[in-house]
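Below is one structure, written out as structure tokens; comments come after it.
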Amino acid sequence: DLENHLHPNRDELATTFQEVTGIGDLEQCQSILAQHGWNLETAVQDTLNVAEGRAPIFQQPAPTHSQARVSDLSDVHRHEALEESDDVDGPAQVPVVRRRARAVQRQSLTWWQWSYAVVTLPFRFVTSTVTELFEFITWFLFPRRPAVTDPDGDVRRFIAEFEESFGTDTPRFLQCSYAQALERSKHDLKFLLIYLHSPQHRTTEQFCSTVLCGSGLTQYVNDNMLVWGGSVHSPEGMRVAGLMRAWTHPFLAVIAHLDGRMVCVGKIEGVLSVDEIIAQLMHIGDTYSGVLAAARRDRQRVADDQMIRAMQDRELAESLRLDQEKEAKKIQEQAEVQRAEQAKLERRAEKERKAQDVLRGREEAGSRVPLEPELTAVGAVRISIRLPDNTRLERRFHADDSLQAIHDFVFSQENAPAIFSVQTNYPRRVLSCTGDKVPSISEAGLAPAAMLMVHDEGDDDTDDEEA
């Protein structure tokens with residue numbers, strides 16, 4: 001029972017019928033379903049056949065091989081229903097039929113019927129207005145929510161039931177929704193074979209067991225195509241059947257990516273043998289394989305161009321990185337040179353400052369040296385001094401003069417070191433010439449004469465500029 005298997009209540013069944021057929025009046029949809037025993041598939045097929053001027057499909061005998069049709073080239077869009085149907089193998093072109101078209105039979109009216117219509121016109125106008133207003137308010141306050149569907153679940157259930165009924169030697173059906181199957185076909189640039197399964201159709205079981213499964217057709221489609229299948233008793237299968245206008249079973253369709261969109265390039269409807277179906281599929285493949293091959297070449301060319309651009313971008317980025325590293329290294333070297341020059345200038349300035357300080361210190365020391373006593377003066381002490389450059393100095397000091405006088409005398413000489421110590425020759429000892437408690441010359445044991453040596457205690461500075 002389709003009603004109990006697919007829809008939990010008749011309202012949802014009527015909503016599905018309304019979405020597929022496009023009939024705006026929900027009561028009319030319920031009436032049509034009631035006339036068909038609430039069998040959704042039968043009601044949909046009969047409604048569309050009547051709208052196209054054909055007899056109900058289930059009132060005709062099963063189609064034979066000569067009656068099987070192969071329809072060609074009708075566009076399939078992923079999210080919109082087809083509104084036209086082409087039957088290219090028939091004797092004449094089938095007129096375009098919109099889904100909302102209704103068959104209206106014109107009948108001649110008598111004068112009494114005309115009078116009755118005129119008299120009841122106001123009443124009918126008011127009634128229809130009130131009814132439509134009531135329906136609008138009801139729809140506004142209590143909008144009908146669309147039924148929640150699970151396309152992936154519908155497909156998985158169909159595959160499980162199909163393999164349970166016909167074994168595992170079946171086409172490799174994609175376990176995804178119809179929209180995902182279209183995306184897979186578009187991505188792989190391969191033909192997509194659509195099979196819509198109608199369990200209640202009288203030819204379905206024989207077609208599946210002898211033609212679709214366990215035959216050369218199974219191997220052919222598995223080797224050359226992607227295969228998607230669905231049951232028309234599920235919401236996903238019924239939706240695809242509406243898109244494909246698949247009201248004759250068995251139903252197969254081939255979809256390919258052409259000119260940037262998914263297009264139905266062929267339909268196979270009715271009972272055909274394995275060889276006939278393979279011949280039709282091979283014909284479709286021969287017709288459109290060149291287009292797919294060109295699309296693959298275009299896609300490969302685009303991929304190659306992208307790879308070349310990516311490689312060029314990487315090379316450019318590497319070149320820029322090396323240039324940036326060179327520039328950074330150059331800037332760093334320049335900064336180091338500048339720091340070295342700055343340090344050299346600072347050392348030179350410091351050296352000049354120290355030289356000025358030493359010069360002022362020599363002048364001050366020279367001003368502090370006491371007057372030299374006469375040779376015959378009492379307490380006169382003769383002091384001989386040897387500088388580090390072997391220059392010899394000789395001067396007389398008074399025995400009561402402190403050793404600071406000798407230090408000042410040596411420091412006032414231009415060739416004397418800036419920092420030095422004064423030592424006796426023998427025995428060698430360092431004289432304390434500076435400080436708080438400086439002994440006198442006589443206390444240091446230098447009277448009446450002494451030989452002293454000056455030892456340079458400063459650092460051995462080098463000329464940085466010459467370096």
Side-chain angles (χ1 to χ4, degrees), residues 2 5-7 12-13 15-22 39-45 47-49 57 69-86 99 146-162 170-186 190-201 204 207-208 212 221 225-257 261-270 281 284:
L2 180 59
H5 176 71
L6 181 59
H7 300 284
E12 294 184 0
L13 202 63
T15 301
T16 303
F17 178 82
Q18 185 181 35
E19 292 177 352
V20 174
T21 61
N39 189 312
L40 179 61
E41 180 183 358
T42 304
V44 170
Q45 293 187 5
T47 300
L48 295 180
N49 286 338
I57 187 65
R69 304 182 287 114
V70 179
S71 300
D72 192 15
L73 280 181
S74 60
D75 291 345
V76 176
H77 296 282
R78 196 175 312 156
H79 302 295
E80 61 184 25
L82 297 178
E83 295 183 344
E84 298 181 357
S85 176
D86 297 333
R99 286 188 171 180
V148 178
T149 60
D150 180 14
D152 294 343
D154 293 343
V155 175
R156 287 193 296 268
R157 284 189 292 271
F158 158 71
I159 295 175
E161 295 172 0
F162 191 87
T170 63
R172 290 193 293 266
F173 293 108
L174 297 175
Q175 297 190 9
C176 59
S177 66
Y178 173 69
Q180 292 171 341
L182 292 179
E183 288 293 336
R184 173 75 178 276
S185 174
K186 179 180 178 181
K190 297 182 66 175
F191 291 107
L192 176 63
L193 180 65
I194 302 296
Y195 169 65
L196 294 176
H197 185 71
S198 178
Q200 294 182 350
H201 199 276
T204 297
F207 174 79
C208 292
L212 189 59
V221 297
M225 299 179 175
L226 301 174
V227 186
W228 184 90
S231 174
V232 296
H233 286 185
S234 66
E236 180 71 355
M238 179 60 70
R239 186 180 71 86
V240 177
L243 294 174
M244 307 291 296
R245 298 190 67 84
W247 313 125
T248 301
H249 295 278
F251 179 86
L252 296 171
V254 180
I255 298 176
H257 184 257
R261 60 179 181 174
M262 301 305 293
V263 177
C264 179
V265 296
K267 294 181 182 180
I268 303 175
E269 300 174 277
L281 294 178
I284 295 173

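Every value quoted in this text rests on a predicted model; they were computed, and no experiment measured them. Throughout, numbering of the chain's residues begins at 1 and tracks the sequence.
- Taking every heavy atom of both residues into account, Pro171 and Val227 meet most closely at CB-CG1, 3.9 Å.
- Atom NE2 in His257 sits 9.0 Å away from atom CD in Glu183 (nearest 0.5 Å).
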- Would Arg184 and Leu192 count as a side chain to side chain contact (heavy atoms under 4.5 Å, CB included) if you check the C-alpha gap in whole Å, the side-chain angles of each, and the deciding distance to 0.1 Å? CA-CA 9 Å; Arg184 173 75 178 276; Leu192 176 63; over 6 Å; no
- Worked verdict on Leu252 versus Phe207 for side chain to side chain contact (heavy atoms under 4.5 Å, CB included): CA-CA 12 Å; Leu252 296 171; Phe207 174 79; 4.2 Å; yes
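- Taking NE2 of His197 as the start and OG of Ser234 as the end, the distance is 10.5 Å to the nearest 0.5 Å.
- Distance check, rounded to the nearest 0.5 Å: CZ of Phe158 to CD of Gln175 gives 11.0 Å.
- Atoms NZ and CG, from Lys186 and Leu226 in turn, are 15.0 Å apart once rounded to the nearest 0.5 Å.
- Note on ring orientation: taking the six-membered ring where Trp is involved, the planes of Phe173 and Phe162 are perpendicular (angle over 60°, cut-offs 30° and 60°).
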- Task: Carefully, step by step, assess Val232 and His201 under the rule side chain to side chain contact (heavy atoms under 4.5 Å, CB included).
- Result: CA-CA 11 Å; Val232 296; His201 199 276; over 6 Å; no
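- Here CD1 of Ile268 is found 12.5 Å from CD1 of Ile194. Values are rounded to the nearest 0.5 Å.
- For the residue pair Leu196 and Ala246, the shortest heavy atom distance occurs at CD1-CB, 3.5 Å.
- Heavy atoms only, all atoms of each residue included: Arg156 and Asp150 are closest at NH2-OD2, 4.3 Å.
- When every heavy atom of Asp154 is checked against every heavy atom of Pro235, the shortest pair comes out as OD2-CD, 3.5 Å.
- Remark: the backbone N or O of Met244 is paired with a side-chain donor or acceptor of Lys267 at under 3.5 angstrom.
- Distance check, rounded to the nearest 0.5 Å: CG of Leu174 to CD of Gln180 gives 10.0 Å.
- The backbone N or O of Ser198 sits less than 3.5 Å from a side-chain atom of Thr204, completing a donor-acceptor pair.
- Glu236 places no side-chain N or O within 3.5 Å of a backbone atom of Ser177 that could act as its donor or acceptor partner.
- Using modelled atom types, one side-chain atom of Trp228 and one backbone atom of Cys176 make a donor-acceptor pair closer than 3.5 Å.
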- With side chain to side chain contact (heavy atoms under 4.5 Å, CB included) as the test, would you mind laying out the steps for Leu243 and Tyr178 before giving the verdict? CA-CA 11 Å; Leu243 294 174; Tyr178 173 69; 3.9 Å; yes
